[in-house]
Number of protein chains: 2
Amino acid sequence: MSTPKAPEGYDRHAFEPFAVTVDLAVLTVREERLHVLLVQRGQEPYAGEWALPGGFVLPRESAETAARRELAEETGLAGAIVEGLHLEQLRTYSDPDRDPRMRVVSVAFTALVPGLPEPRGGGDAAEARWLPYGSYGPLAFDHDRILADARERVGAKLEYSCLATAFCPPEFTLGELRQVYETVWGVELDRPNFRRKVLTTPGFVRAVEGPPRRTGGRGKPAALYRAGEATALHPPLLRPEGRST
Amino acid sequence: MSTPKAPEGYDRHAFEPFAVTVDLAVLTVREERLHVLLVQRGQEPYAGEWALPGGFVLPRESAETAARRELAEETGLAGAIVEGLHLEQLRTYSDPDRDPRMRVVSVAFTALVPGLPEPRGGGDAAEARWLPYGSYGPLAFDHDRILADARERVGAKLEYSCLATAFCPPEFTLGELRQVYETVWGVELDRPNFRRKVLTTPGFVRAVEGPPRRTGGRGKPAALYRAGEATALHPPLLRPEGRST
DNA sequence: AGCATTTATAGTCAAGGTGACTCTTAAGGA
DNA sequence: TCCTTAAGAGTCACCTTGACTATAAATGCT
């Protein structure tokens with residue numbers, strides 16, 4: 001229970017205090033690859049190395065609030081973007097030795113964003129950038145593990161939720177939506193079957209009215225869709241085999 | 001990121017320290033009802049009211065370690081039981097006002113246990129008891145919400161994992177396993193169909209050799225099974241309709 | 001003892017979802 | 001113009017699932 005009662009033999013204020021932070025695994029799909037939002041650390045330890053954006057939870061903030069604030073501060077993403085972000089708690093990392101200096105418990109979040117608002121460094125971060133998943137050396141702290149957990153979680157949620165639309169702009173083609181699945185799962189999906197599955201799932205997507213069509217790419221222009229009101233995917237859209245990548 | 005850098009204008013040690021606790025939602029199936037392990041609080045606030053077992057994370061502990069220790073302390077469950085427990089992080093609750101006295105961030109865990117080791121109070125808890133889910137007044141703090149989240153999560157995990165065996169003793173009948181699903185989901189399942197699904201899923205259960213059979217109840221004796229090595233359920237075992245209860 | 005009840009277990013059958021394919025249409029590029 | 005690329009329509013067989021029937025083996029009642 002949450003009783004602030006110190007264990008036998010200890011005075012509560014004699015404890016080394018815990019610091020509570022948030023870490024954000026912000027993912028996007030870009031050029032057919034999964035990208036991660038990373039910041040370059042400005043100070044020791046791990047100065048100059050890549051890390052997940054994040055920072056301290058303030059005394060009057062919830063972890064969710066802190067996550068949004070830190071994301072805006074460190075990446076310069078517009079407030080409106082950060083407000084509307086699909087933010088989800090991943091898990092909490094509490095290994096006593098995860099920070100070499102002091103006891104830090106960190107609540108990790110996952111965010112999925114469409115397109116490519118180019119970030120800029122700010123606040124605590126010397127620089128902020130989108131980097132392809134895995135294209136960097138080891139990250140600071142236990143952030144490699146956090147990121148791996150985030151990817152795993154997102155991959156699983158694509159199966160039984162309509163979350164994939166969070167990776168897409170407000171209007172998107174079924175090809176773009178399929179790209180999300182293929183990129184996160186690291187597999188190729190059959191176009192007609194994917195189309196059938198998405199369109200026969202009630203509320204997954206809604207067709208945009210006067211058939212505008214996307215231009216620009218090769219091939220036949222595709223119809224545009226918006227995210228539907230459904231959030232769950234029943235029955236699920238299972239990834240083909242043992243997970244790849 | 002986890003950088004212990006205080007925000008502008010603050011010295012790190014000027015912060016009101018955070019307390020970090022763990023809360024445990026320990027669930028079992030008993031007499032065809034979902035039961036929850038609750039403790040009666042010994043002190044203010046909420047003295048005398050029911051709450052989830054849990055307590056402080058010590059300076060050199062991870063949240064997982066603290067969860068097991070607190071569970072053993074407050075419920076008197078045998079160390080061996082607590083060791084082997086299926087313990088899973090649920091999420092972290094960080095609302096600044098969730099504890100009336102000070103800033104407490106709590107990492108919640110879910111545990112699924114078989115049968116009925118009767119608990120006894122201990123440590124911080126005046127009493128510890130199994131109570132049917134929902135059969136109590138409002139719990140202390142935000143524990144009602146934590147418990148609701150736990151139930152929701154467990155219900156969802158039954159669909160796509162082999163977790164249901166964690167509710168069963170080492171050897172169990174398919175009827176007992178089916179009871180788990182029916183109790184958690186609050187629905188009735190078709191016996192032959194459930195049997196087929198479980199038996200055709202590779203690694204879900206293994207038949208116990210020399211056909212011993214369970215006696216005691218009414219009806220034809222059932223064959224015994226053990227949990228198999230599989231952890232995921234592909235394809236999933238979906239609950240019938242919109243979730244009940 | 002005999003019968004109803006309860007539960008386990010073995011099947012059957014049809015509907016629906018899925019994977020593997022084929023074919024046509026409509027764009028851009030060489 | 002022809003080739004390439006991708007969208008979108010449609011087919012077919014297989015597998016899973018839900019609904020249901022039937023039989024076996026125990027208990028409890030009368």
Side-chain angles (χ1 to χ4, degrees), chain A residues 31-32 158-160 168 171-183 185 187-208 211-225 230 232-242 244, chain B residues 31-32 158-160 168 171-183 185 187-208 211-225 230 232-242 244:
Chain A
E31 296 155 20
E32 311 197 4
L158 288 191
E159 290 191 318
Y160 55 91
C168 297
E171 300 197 339
F172 52 87
T173 68
L174 293 187
E176 291 167 339
L177 188 62
R178 185 172 39 81
Q179 266 294 332
V180 169
Y181 281 89
E182 292 182 336
T183 302
W185 287 349
V187 298
E188 285 221 336
L189 299 179
D190 180 82
R191 268 180 255 253
N193 289 343
F194 179 82
R195 174 187 188 78
R196 177 181 58 189
K197 174 66 179 174
V198 170
L199 293 184
T200 61
T201 299
F204 194 171
V205 297
R206 286 191 344 254
V208 168
R213 309 182 145 261
R214 172 145 298 177
T215 171
R218 285 187 283 281
K220 179 175 176 177
L224 290 176
Y225 295 85
L233 205 46
H234 259 54
L237 176 50
L238 301 173
R239 46 191 149 181
E241 268 305 283
S244 52
Chain B
E31 295 156 21
E32 312 197 2
L158 288 190
E159 290 191 317
Y160 56 90
C168 297
E171 301 196 339
F172 52 87
T173 69
L174 294 187
E176 290 168 340
L177 188 63
R178 186 172 39 81
Q179 266 294 333
V180 170
Y181 281 89
E182 292 182 336
T183 301
W185 287 348
V187 298
E188 285 222 335
L189 298 179
D190 180 82
R191 268 179 255 251
N193 289 343
F194 178 82
R195 175 188 187 78
R196 177 181 58 189
K197 174 66 180 175
V198 171
L199 292 183
T200 60
T201 299
F204 194 170
V205 297
R206 285 190 346 253
V208 169
R213 306 178 148 263
R214 170 144 301 178
T215 172
R218 285 186 283 280
K220 178 176 176 176
L224 290 175
Y225 296 85
L233 205 46
H234 259 53
L237 176 50
L238 301 173
R239 46 190 149 182
E241 269 302 286
S244 52

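Bear in mind that the values here come from a model prediction, so they are computed numbers and not experimental data. What's counted below: heavy atoms across the whole structure, side chains too, no hydrogens, waters or symmetry copies. In what follows, chains carry the letters A, B, and so on, assigned in the order in which the sequence lines appear, proteins first and then strands, with residues in each chain numbered from 1.
Mapping A/Leu199 and A/Gly219 onto DNA chain D by nearest heavy atom places A/Gly219 at the nucleotide closer to the 5' end. DNA chain C is contacted by both B/Gly175 and A/Pro236; B/Gly175 maps to the nucleotide lying nearer its 5′ end (nearest heavy atom per residue). Remark on DNA chain C: of its neighbouring residues A/Asn193 and A/Pro221, the 5'-side contact belongs to A/Asn193, judged by nearest-heavy-atom nucleotide.
To the nearest angstrom, P of C/dA20 lies 15 Å from CZ of A/Arg191. Note: CZ (B/Arg178) to P (D/dG18) measures 15 Å, nearest angstrom. What separates CG of A/Asp190 from C1' of C/dG17 is a distance of 14 Å, to the nearest Å. For A/Arg239 and C/dT18, the CZ to P distance is 16 Å, given to the nearest whole Å. Separating the CG atom of B/Leu238 from the P atom of C/dG16 is a distance of 17 Å, rounded to the nearest angstrom. Computed from coordinates, the A/Leu233 CG to C/dT18 C1' distance equals 14 Å when rounded to whole Å. Across the protein-nucleic acid pair, A/Glu176 atom CD and D/dA6 atom C1' stand 13 Å apart, rounded to whole Å. Residue A/His234 contributes atom NE2, which lies 15 Å from atom C1' of D/dG18 at whole-angstrom precision.
B/Glu176 places no side-chain N or O within donor-acceptor distance of the main-chain N or O of B/Cys168, the cut-off being under 3.5 Å. A/Tyr181 places a side-chain N or O within donor-acceptor distance of the main-chain N or O of A/Leu158, the cut-off being under 3.5 Å. A donor-acceptor pair is defined here as one N or O able to donate and one able to accept, closer than 3.5 Å; no such pair exists between the side chain of A/Gln179 and the backbone of A/Glu32. The main-chain N or O of B/Leu189 is found under 3.5 Å from a side-chain atom of B/Glu182 such that the two form a donor-acceptor pair.
Using a 4.0 Å heavy-atom cutoff across all strands shown, B/Pro192 reaches at least one base atom of the nucleic acid.
The shortest heavy-atom contact between A/Ala230 and A/Phe204 is CB-N, 4.1 Å.
Of the side-chain N and O atoms in A/Lys197, none sit less than 4.0 angstrom from OP1 or OP2 of C/dG17. A/Arg195 has a side-chain polar atom (N or O) that falls below the 4.0 Å cut-off from OP1 or OP2 of D/dA9. Residue B/Lys220 has no polar side-chain atom (N or O) positioned under 4.0 Å from OP1 or OP2 of C/dT9. Between C/dT5 and B/Arg218, no contact under 4.0 Å exists linking OP1 or OP2 to a side-chain N or O.
Residue-to-nucleotide contacts include a donor-acceptor pair under 3.5 Å from the side chain of A/Arg196 to the base of C/dG19.
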